[in-house]
Each structure stands twice: as C-alpha cells, then as structure tokens.
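Below you'll find the structure, written out as structure tokens, and then a few comments.
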Amino acid sequence: MALTGRTALLAALGSLPVGILAPSWTGMLAVNAPLSLAILCDYALAAPVRALRFTRSGDTSVRLGDAAEVQLTVTNPSRRRLRAHVRDAWPPSSWPAGTAQSASRHEVTVPAAERRRLTTFLRPTRRGDREAERVTVRSYGPLGLAARQGTHLVPWAVQVLPPFTSRKHLPSRLARLRELDGRTSVLTRGEGTEFDSLRAYVPGDDTRSIDWRATARQSSVAVRTWRPERDRHILIVLDTGRTSAGRVGDVPRLDASMDATLLLTALATRAGDRVDFLAYDRRVRARVQGGTAAGDVLSSLVRAMAPLEAELVETDAHGLTKAALMSAPRRSLIVLLTGLDAAPVEEGLLPVLPQLTKRHTVLLASVADPRIEAMKQARGTVDAIYESAAGTQAQAQRDRTAEQLKRHGVVVVDATPEKLAPALADAYLALKAAGRL
C-alpha cells in the first residue's frame with residue numbers, strides 16, 4: 001500500500017506523543033483509529049492495478065529531431081473507477097535532457113468497464129531503436145489517502161532514422177544534372193559520354209563534335225550532342241571506425257557522413273545510376289544492394305543506417321578494401337566516407353589504395369572541423385598565438401594527407417558538416433560531366 005502526501009502528513013500527526021494529541025492512551029486511539037480506518041477503506045476502494053489492460057498504437061519510425069506520437073490505451077475491466085497517475089517509461093534518449101519526467105507522466109480517470117487513450121510524445125536525441133520499458137500505474141482511492149501501485153510490460157518500438165537535412169540542396173543539384181543530361185539548352189560534350197542527337201552547327205561549337213558524314217548528306221554542318229552516361233555503378237563505403245566517433249560541434253562525424261550519403265544517393269539514382277552501400281570497420285555493419293529507383297534505395301538506406309553507431313576500433317583497411325572489391329566487381333565510382341587523419345590514412349589506407357584505383361574511380365569525403373579555421377585566426381594573446389600555431393599545423397597535416405591521396409588518383413572532398421553533402425554532390429556531378437564514372 002502506497003501512502004500519499006496527505007496520508008503521510010496525517011499519519012505523522014497521528015504518531016505524535018500522547019501528551020500533545022490526547023490526555024490519555026484512549027484519546028490517542030480515538031485519533032488514530034478513524035485515520036487508520038479511512039486509509040484502509042480508501043485503499044480497498046482503489047481500482048486494482050493488476051487487472052488493467054493496455055494496448056499501444058502510433059508511430060513506429062521517426063526522423064531524428066522530429067516528434068513521434070505513441071498512444072497507450074488503458075482499459076479498466078473492474079467495477080471501480082480508476083483514478084491514477086501513469087508513467088510511460090522509455091529510454092532517457094527518447095526526449096531532450098530535462099523533459100523526460102513531464103513527457104512520460106499522465107493523470108487519467110477511467111470509469112468502470114471503460115477505456116481511455118493517453119498520448120506520449122517522443123522527441124529522440126539519438127538514432128536507433130527506442131523500445132518502451134514499462135508502464136507504472138499508481139491507482140488512488142476516492143479520498144486520495146492511499147494507493148495501489150504496479151507495473152505492466154507493454155512492448156512497442158520506435159525506430160529513429162537519420163535526418164536528411166541536406167535535402168534542401170537536392171533541387172539545385174538536380175537542375176545541374178538536367179543541364180548535363182541534355183534536357184535543357186546546355187549540352188555536355190566530351191570523352192566518356194553517350195551520343196544523344198545531331199543538330200545544326202552554331203558559332204562557338206567545338207569543331208571536334210562535327211559529324212562529317214552527316215554534314216556530307218545535307219546542306220548544313222551537323223554536330224553531335226552528347227549526354228552523360230547512365231546506369232553507372234556507385235558504391236558508397238561508410239567508415240564506422242573510431243575516427244567517425246568524434247563530434248564536430250554538435251554533430252557526430254558519422255551523422256554528417258550519413259547525411260552526405262543520402263544526398264548523393266538521391267542525386268545519383270535520379271541520374272539513372274545504381275547505388276550500393278557498405279558500412280565497415282572491422283566487419284560489415286550494414287549492406288544495401290541498391291538499384292535505380294530513388295524511393296526504394298533511399299528507404300532501404302535510411303533503415304540500414306538507423307542503428308549504426310561508431311565503433312571505438314581502428315578500421316581494418318585491408319578488410320574494407322576486400323569488401324569493397326567484392327561489392328564492385330565491375331568498374332565503379334567508390335565513394336569512401338572516412339577521416340583525413342594522417343596515421344590511419346598513411347598506415348592503413350595508402351598501402352591498399354592501388355587495389356581500388358587500379359580498376360575504379362575513388363572519391364574520398366571527410367568531415368572537416370571548422371574550429372581549426374577559427375584557431376588559425378586567433379590573435380592578441382600568447383595563448384591565442386599558440387592556438388593559431390596549433391590550428392595551422394593541424395590544417396597543414398590534413399592538406400599533406402589530401403595531397404598524398406590525390407597523387408594516387410583519388411578525388412578528395414574535405415568540408416565542414418554543413419558543406420560536406422553539397423560538396424560531395426558537386427564532386428559527383430563534376431566526375432559525371434568529365435565522363436570519369
């Protein structure tokens with residue numbers, strides 16, 4: 001039996017010394033007996049907790065940063081009215097810090113043989129699956145002096161998906177893609193593109209695009225127009241090792257890489273290319289065999305990335321290369337989302353890089369820390385000068401590592417979390433325009 005605050009106060013008064021409440025032992029009993037009887041009656045009239053029935057409904061998935069609604073239906077099969085406080089417990093990361101207590105607690109009154117629906121609003125702060133823990137009910141009697149308490153397990157899970165914050169950059173990149181694809185007045189010419197059509201020559205056209213056979217059959221000069229190759233294969237490899245665990249501002253490097261992956265996938269599938277995905281550190285953490293249908297690939301990719309977390313282990317570059325080559329048996333664009341830290345690249349990636357660049361085009365994208373640039377600009381005090389020197393040294397080291405990769409034929413994109421996704425999309429479009437896919 002649980003005592004309420006009101007009951008605890010009355011009980012405390014009832015337990016005061018005899019000389020304070022009554023002149024004799026009989027007087028003390030006269031004070032305590034009605035109180036005890038009232039508490040017992042109130043407890044007896046409280047609706048039973050074990051007999052309650054619960055069901056759930058609502059959202060089963062939500063993007064990180066958005067709100068999800070989960071309904072909890074309370075059915076009272078007893079003959080007594082239920083007056084209760086209900087706590088719908090979820091993991092702490094289901095709400096922002098400091099809001100869990102207010103968001104998970106409800107007051108409810110359910111008449112006999114009726115039911116009521118409670119809504120819990122979740123706003124998760126981490127990706128992955130969030131599973132309901134238990135429902136705790138405290139059922140009060142009519143006087144509010146005593147209560148019954150019990151718990152029920154009511155399973156439900158909400159999958160928290162990666163946010164697609166870079167979606168806003170997709171329309172502008174699709175417009176550039178349409179230009180490359182010949183659907184506007186701008187046409188791409190160059191090696192590695194597919195023949196599109198013939199048209200009349202206009203001043204400024206590249207003379208190498210003149211089709212002399214077609215020109216001989218007609219009275220005007222004809223030139224070939226080209227469009228970028230379609231149905232290319234793109235393999236996105238996400239490094240989930242220790243370098244992806246660091247945070248840049250409020251964003252984990254892994255999450256920034258995921259956002260860039262989503263934008264590139266949306267763009268490439270719209271371009272008619274096939275996109276596959278691989279997450280790896282010391283073993284394969286996730287794999288998606290994609291296609292050219294943008295909606296299907298994005299949906300599969302989002303759900304595959306949702307439970308991924310950075311592993312505090314050094315990435316096995318040999319294993320990663322082997323897994324990438326198995327996933328890309330023909331010539332492909334391999335996009336590697338990893339760090340530009342000198343030691344992991346020089347000791348792990350560089351020795352095995354020729355295995356990838358021999359057959360494939362390799363693009364490496366890394367999350368840069370804007371704090372480094374801010375440190376470089378520090379001035380005014382001795383501490384600021386040291387900070388500036390440290391920032392300059394860190395940036396120079398990243399530049400040297402990037403230059404080493406470029407000498408091996410790797411295209412390098414090094415950008416801050418907000419700029420990484422559009423920069424990676426621009427690099428893809430540049431490769432497509434140059435016919436290097």
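The residues of the chain are indexed from 1 along the displayed sequence.
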Gap between atom NZ of K168 and atom CG of L263 - 0.5 Å precision: 11.0 Å

query: Is the closest side-chain donor-acceptor distance between D259 and T165 under 3.5 Å?
result: yes

Atom CD of Q101: over 12 foreign heavy atoms under 6.0 Å: no

- request: Report the residues that fulfil ring-ring contact (aromatic ring centres under 6.0 Å, His included) with H408, sequence neighbours left out, ordered by chain and then residue number.
  value: none

- request: Without swapping roles, check the side chain of T265 against the backbone of T261 for a donor-acceptor pair under 3.5 Å.
  value: yes

message: Pairing donors with acceptors under 3.5 angstrom, does anything connect the side chains of R83 and S139?
response: no

- request: Run the numbers on R287 and S327 for side-chain hydrogen bond (donor to acceptor under 3.5 Å, both in side chains), then give the verdict.
  value: CA-CA 9 Å; R287 188 193 300 270; S327 298; 2.8 Å; yes

message: Using a 6.0 Å cut-off, check whether atom CZ of R134 has over 12 heavy atoms from anything other than its own residue.
response: no

- prompt: Quick check: does any side chain N or O of R359 sit under 3.5 Å from a backbone N or O of P329, one acting as donor and the other as acceptor?
  reply: yes

query: Does the side chain of L363 reach to within under 4.5 Å of the side chain of I334, using non-hydrogen atoms?
result: no

message: Under a 3.5 Å threshold, yes or no: a donor from one side chain and an acceptor from the other, between T381 and D383?
response: no

field: Note, P417 side chain near P370 side chain (heavy atom, < 4.5 Å)
entry: yes

- prompt: Would you call M375 and T392 a side-chain contact if the rule is heavy atoms closer than 4.5 Å?
  reply: no

message: Among P124, S61, S94, P307, which residue satisfies the side-chain contact (heavy atoms from CB on, under 4.5 Å) criterion with V160?
response: P124

D276/H233 under side-chain hydrogen bond (donor to acceptor under 3.5 Å, both in side chains): CA gap, chis, key distance, verdict: CA-CA 8 Å; D276 290 342; H233 182 228; 2.9 Å; yes

- prompt: Got a salt bridge between R242 and D281, using NZ or NE/NH1/NH2 to carboxylate O under 4.0 Å?
  reply: no

field: Side chain to side chain, L122 and V70, heavy atoms closer than 4.5 Å
entry: yes

- prompt: With side chains defined as the heavy atoms from C-beta onward, is the minimum distance between L340 and L405 less than 4.5 Å?
  reply: yes

- request: Using the side-chain contact (heavy atoms from CB on, under 4.5 Å) rule, take R116 and L82 through it: C-alpha gap first, then chi angles, then the decisive distance, then the call.
  value: CA-CA 10 Å; R116 294 291 183 270; L82 174 68; over 6 Å; no

- prompt: Between R56 and D88, does at least one N-O distance fall below 4.0 Å, as a salt bridge requires?
  reply: yes

- request: Check step by step if side-chain contact (heavy atoms from CB on, under 4.5 Å) holds for D399 and T401.
  value: CA-CA 5 Å; D399 293 341; T401 303; over 6 Å; no

D316/R283 salt bridge by N-O under 4.0 Å criterion: no

query: Can you tell me how far CZ of R127 sits from CG of L308, rounded to the nearest 0.5 angstrom?
result: 6.5 Å

query: Side chain of H360, backbone of L325: donor and acceptor closer than 3.5 Å?
result: no

message: Closer than 3.5 angstrom, by distance alone: can the side chain of T269 be matched with the main-chain N or O of A266 as a donor-acceptor pair?
response: yes

message: Taking CZ in R331 as the centre, count heavy atoms belonging to other residues, nucleotides or ligands within less than 6.0 Å. Is the count above 12?
response: yes

- prompt: So, are R123 and D66 salt-bridged, with charged N and O less than 4.0 Å apart?
  reply: no

message: So for atom CD, which belongs to Q393, do other residues, nucleotides or ligands contribute more than 12 heavy atoms lying within a distance under 6.0 Å?
response: no

query: Could you go step by step and tell me if Q149 and R138 meet the side-chain hydrogen bond (donor to acceptor under 3.5 Å, both in side chains) rule?
result: CA-CA 4 Å; Q149 182 167 308; R138 179 171 289 182; 2.6 Å; yes

- request: Report yes or no: does S332 contribute a side-chain atom to a donor-acceptor pair with the main-chain N or O of R330 at less than 3.5 Å?
  value: yes

- prompt: Does the side chain of S93 come under 3.5 Å of the side chain of R130 through a donor N or O and an acceptor N or O?
  reply: yes

- prompt: Taking the inter-plane angle between the rings of Y140 and H85 on a 0 to 90° scale, is it parallel (under 30°), tilted (30 to 60°) or perpendicular (over 60°)?
  reply: perpendicular

query: Rounded to the nearest 0.5 Å, how far apart are CG of L267 and CG of L177?
result: 5.5 Å

task: Kindly indicate whether the side chain of E133, heavy atoms from C-beta on, has any atom under 4.5 Å from the side chain of W90.
output: no

statement: Rounded to the nearest 0.5 Å, the CD atom of E347 sits from the CG atom of D341 at a distance of 11.5 Å

statement: OH of Y428 to OG1 of T361, rounded to nearest 0.5 Å, is 12.5 Å

Exercise: do H106 and T120 side chains pair donor with acceptor under 3.5 Å: yes

query: Counting N and O atoms only, with roles assigned by atom type, does the side chain of W156 sit under 3.5 Å from a partner on the main chain of T60, one being a donor and the other an acceptor?
result: no

query: For E387, which residues count as a salt bridge (charged side-chain N to carboxylate O under 4.0 Å, His left out) partner, sequence neighbours excluded?
result: R371

query: Side chains of P162 and L64: closer than 4.5 Å at any heavy-atom pair?
result: no

- prompt: S299 side chain to D296 main-chain N or O, any donor-acceptor pair under 3.5 Å?
  reply: no

field: Short side-chain donor-acceptor distance under 3.5 Å, S366 and R398
entry: yes

- request: Give a yes or no on whether the backbone of L143 and the side-chain of D42 come within a donor-acceptor separation of less than 3.5 Å.
  value: yes

- request: Begin from the C-alpha positions of T315 and D239 and carry the test side-chain hydrogen bond (donor to acceptor under 3.5 Å, both in side chains) through to its verdict.
  value: CA-CA 7 Å; T315 299; D239 181 359; 2.5 Å; yes

- prompt: Around atom CZ of R285, are there more than 12 heavy atoms of other residues, nucleotides or ligands at under 6.0 Å?
  reply: yes

Audit row: L350, V345, side-chain contact (heavy atoms from CB on, under 4.5 Å) steps and yes/no: CA-CA 6 Å; L350 284 179; V345 172; 4.0 Å; yes

field: Distance in Å, D129 CG paired with Q159 CD, rounded so as to fall on 0.5 Å steps
entry: 5.0 Å

SB check E373 K376 (cutoff 4.0 Å): yes

query: So do I236 and L238 actually touch side chain to side chain, heavy atoms under 4.5 Å?
result: no

field: N/O donor-acceptor pair under 3.5 Å between S388 side chain and A384 backbone
entry: no

- prompt: Is a side-chain donor or acceptor of T151 paired with a backbone partner of T136 at a separation under 3.5 angstrom?
  reply: no

